[in-house]
2 protein chains.
Amino acid sequence: MPVQAGRASEEIALQVEAAIVNGRLAPGGRLPSEREMQSQFGTGRGVIREAIKILQQKGLLEVRKGAKGGAYVRQLDVGNVSESLALFLKQHPMEPEKVIEFRESLDRTITQLAIAHAEQAEKDELLKEALRLEAMLLEDEPDLIDASELDRQLNIKLARMARNPLFEWVMHALQMGFSSHDYALYEDRTYRIKAGANWSNTARAIANGEIMRALAYNGHHYVLLRQCIDEKAAPASAPNTGFLQEDNH
Amino acid sequence: MPVQAGRASEEIALQVEAAIVNGRLAPGGRLPSEREMQSQFGTGRGVIREAIKILQQKGLLEVRKGAKGGAYVRQLDVGNVSESLALFLKQHPMEPEKVIEFRESLDRTITQLAIAHAEQAEKDELLKEALRLEAMLLEDEPDLIDASELDRQLNIKLARMARNPLFEWVMHALQMGFSSHDYALYEDRTYRIKAGANWSNTARAIANGEIMRALAYNGHHYVLLRQCIDEKAAPASAPNTGFLQEDNH
DNA sequence: CTCACGCTTTGGTCGTACCATTCTAGGCGA
DNA sequence: TCGCCTAGAATGGTACGACCAAAGCGTGAG
């Protein structure tokens with residue numbers, strides 16, 4: 001059990017991670033207390049704490065304090081992966097066109113899969129939410145924060161309807177990485193009205209199982225998006241700022 | 001600067017992360033030594049170390065010891081995202097069909113973009129490598145490790161030719177997450193020969209700018225993949241195992 | 001029977017000391 | 001003068017010990 005390699009904390013983290021991945025430590029299970037592990041591994045407590053911090057950051061552990069506290073094994077969710085990708089995207093700003101290109105490709109497949117795999121109830125639900133978004137965007141002074149949040153949820157919902165976790169994951173990550181960007185676009189009144197109408201048209205086509213029509217509306221969404229961006233880019237010539245501008249604490 | 005919130009280390013980690021993402025700390029830059037930060041933040045050294053461990057795990061920092069050592073800001077690379085995804089996939093095993101579905105969709109777009117955007121030299125290079133892979137897979141006792149590595153590189157190369165980093169990154173992440181699977185498939189002699197031939201056909205079509213032909217071969221790849229997986233899933237009992245074994249050349 | 005208090009467990013933080021590694025500068029020898 | 005080599009400084013890595021804060025649990029008073 002005891003270790004003496006270069007970085008003891010990472011070694012311990014690897015051992016515990018292996019135990020978790022191999023199922024020897026099931027989700028919900030609890031690791032020994034730090035002081036116990038300290039003596040089990042024959043190391044100082046700081047090392048144990050650092051190992052736990054590593055696994056906590058990976059999303060494998062959840063730490064609670066107090067009696068009956070300790071490190072509990074957690075079930076990973078897409079949030080961790082999305083967060084990782086989002087962080088990466090923040091460090092690698094890229095032209096909006098590239099993001100659009102990617103999302104457009106993704107969206108086409110998702111739409112088709114959703115039509116094929118999702119329950120009718122889900123499709124109706126999607127339509128209902130889309131109509132709600134459209135109504136929201138038609139108001140004189142819409143709450144843009146709420147609207148873009150709903151937009152995000154619609155995208156996630158649609159991705160989930162594709163019944164393939166990978167699409168859901170990537171869409172989730174993209175939403176996290178570029179949320180601020182989407183928000184800015186809705187400030188253009190013309191765009192938001194057209195986009196809202198287009199969302200409900202898309203959702204209606206999906207609900208009716210009209211694949212080609214859904215894809216057409218889907219494509220139209222990206223036409224609108226590109227038009228809007230081209231207009232915004234025309235006056236000022238700052239191509240790739242915008243993602244890093246948010247400076248909150 | 002000093003903090004007193006619940007988890008001091010996470011608070012500090014957030015502050016430093018914000019500084020990095022906002023560009024106040026450029027990649028290659030160096031953070032103060034632990035003992036300096038200890039006094040700057042008015043906290044114990046353990047807290048500083050844990051904060052650094054968090055950012056190190058996120059891939060934002062690289063720590064070197066000795067004189068001129070310390071925490072250096074790192075440029076994130078896809079490796080971190082891939083690692084995160086791989087871990088997630090380990091805890092959430094999903095049907096190969098879902099992965100294939102996703103990759104197939106991605107591959108179609110990548111192929112089209114690559115034909116449209118890549119230089120002719122790159123396309124020729126791709127073809128050359130594909131031919132090398134095909135020759136490799138035709139050997140009696142091919143080195144499957146090398147072959148699957150080359151396969152991975154081909155996929156990455158093609159993704160890079162699409163001139164959109166997002167495709168490259170996602171493809172990279174997928175390759176890392178499923179490397180073991182790919183390797184196993186090449187053990188099937190029939191599959192690896194057909195797949196090798198198909199790779200060079202695809203690359204040739206791309207080099208010639210024949211979009212539809214390239215997409216056809218691309219689709220064929222996934223037909224082969226699904227056949228191979230289906231056979232492995234349903235061993236010996238299938239009535240047609242016999243004639244699928246014979247080679248086609 | 002209920003509620004509050006205090007005890008126990010356990011993570012969170014601080015401080016110090018010492019070790020291991022790495023770079024640097026200055027001295028010593030050829 | 002040039003080059004190697006060693007001593008020292010800077011810095012992360014580890015250990016130990018102490019105390020604080022939160023959270024659960026049990027017991028005793030009302």
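Each chain gets a letter, A, B and so on, in the order its sequence line appears, and its residues count up from 1. Atoms considered below: every heavy atom in the structure, side chains included; atoms not considered: hydrogens, waters and symmetry mates.
Side chain of B:Thr43, nearest nucleotide from C:dG11, C:dT13, D:dG13: C:dT13. Which of C:dG11, D:dT14, C:dT13 sits closest to the side chain of A:Ser33 comes down to C:dG11. For B:Lys65, counting side-chain heavy atoms from C-beta on, the closest listed nucleotide (D:dG12, C:dC14, D:dT14) is D:dG12. Candidate nucleotides C:dG12, C:dG15, D:dT11 were compared by shortest atom distance to the side chain of A:Val63, and C:dG12 ranks first.
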Produce the list of close N/O pairs, under 3.5 Å, pairing protein atoms with atoms of nucleotides 3-6 of chain C; give distances to one decimal.
none

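Here D:dA15 presents its P atom at 12 Å from CZ of A:Phe41, a figure rounded to the nearest Å. Rounded to whole Å, the distance from CG on A:Leu31 to P on C:dT10 is 13 Å. Going from atom CD of B:Glu36 over to atom C1' of D:dA9 covers 14 Å, rounded to whole Å. For the pair B:Ile12 CD1 and C:dC14 C1', the computed distance is 13 Å after rounding to whole Å. Going from atom CD of A:Glu34 over to atom P of D:dC16 covers 15 Å, rounded to whole Å.
Applying a 4.0 Å cut-off to non-hydrogen atoms, the residues of residues 66-74 of chain B that approach DNA chain C are B:Gly66, B:Ala67, B:Lys68, listed by residue number. A heavy atom lying under 4.0 Å from DNA chain D marks the following residues of residues 45-56 of chain B, by number: B:Arg45, B:Arg49.
Pairs engaging residues 77-87 of chain B under the side-chain hydrogen bond (donor to acceptor under 3.5 Å, both in side chains) rule: B:Arg74-B:Asn80 [sequence neighbours left out]. Among pairs with a residue in residues 92-101 of chain B, those fulfilling salt bridge (charged side-chain N to carboxylate O under 4.0 Å, His left out) read B:Glu97-B:Arg226, at least two apart in sequence or across chains.
Partners of A:Gln57 according to the side-chain contact (heavy atoms from CB on, under 4.5 Å) rule, which considers only residues two or more places apart in sequence or in another chain, are B:Ile54, B:Gln57, B:Lys58. Considering only residues two or more places apart in sequence or on other chains, B:Glu10 meets the side chain to side chain donor-acceptor pair (under 3.5 Å) condition with none of them. The side chain to side chain donor-acceptor pair (under 3.5 Å) check on A:Glu36 picks up nothing, with sequence neighbours excluded. Partners of A:Ala19 by side-chain contact (heavy atoms from CB on, under 4.5 Å), not counting sequence neighbours, listed by chain and number: A:Arg24, A:Leu25. For A:Arg49, the side chain to side chain donor-acceptor pair (under 3.5 Å) partners are A:Glu34, B:Glu50, not counting sequence neighbours. Applying the side chain to side chain donor-acceptor pair (under 3.5 Å) rule to B:Lys123 yields no partners; only residues at least two apart in sequence or on another chain are considered. Residues satisfying the side-chain contact (heavy atoms from CB on, under 4.5 Å) criterion with A:Thr111, sequence neighbours excluded, are A:Ile115, A:Leu158, A:Ile206, A:Ala214, A:Leu215, A:Asn218.
Judged by distance alone, the side chain of A:His92 and the main-chain N or O of B:Leu76 form a donor-acceptor pair under 3.5 Å. With hydrogens and angles ignored, the 3.5 Å screen pairs no side-chain donor or acceptor of A:Arg152 with any backbone N or O of A:His172.
Within a 6.0 Å sphere centred on CD of B:Gln120, other residues, nucleotides and ligands contribute more than 12 heavy atoms.
B:Arg64 comes within contact range of the sugar-phosphate backbone alone, with a heavy-atom separation under 4.0 Å but no base atom that close.
Note on A:Arg7: every side-chain N or O is 4.0 Å or more away from OP1 and OP2 of D:dG12.
A donor-acceptor contact under 3.5 Å is formed by the side chain of B:Arg35 with the base of D:dG12.
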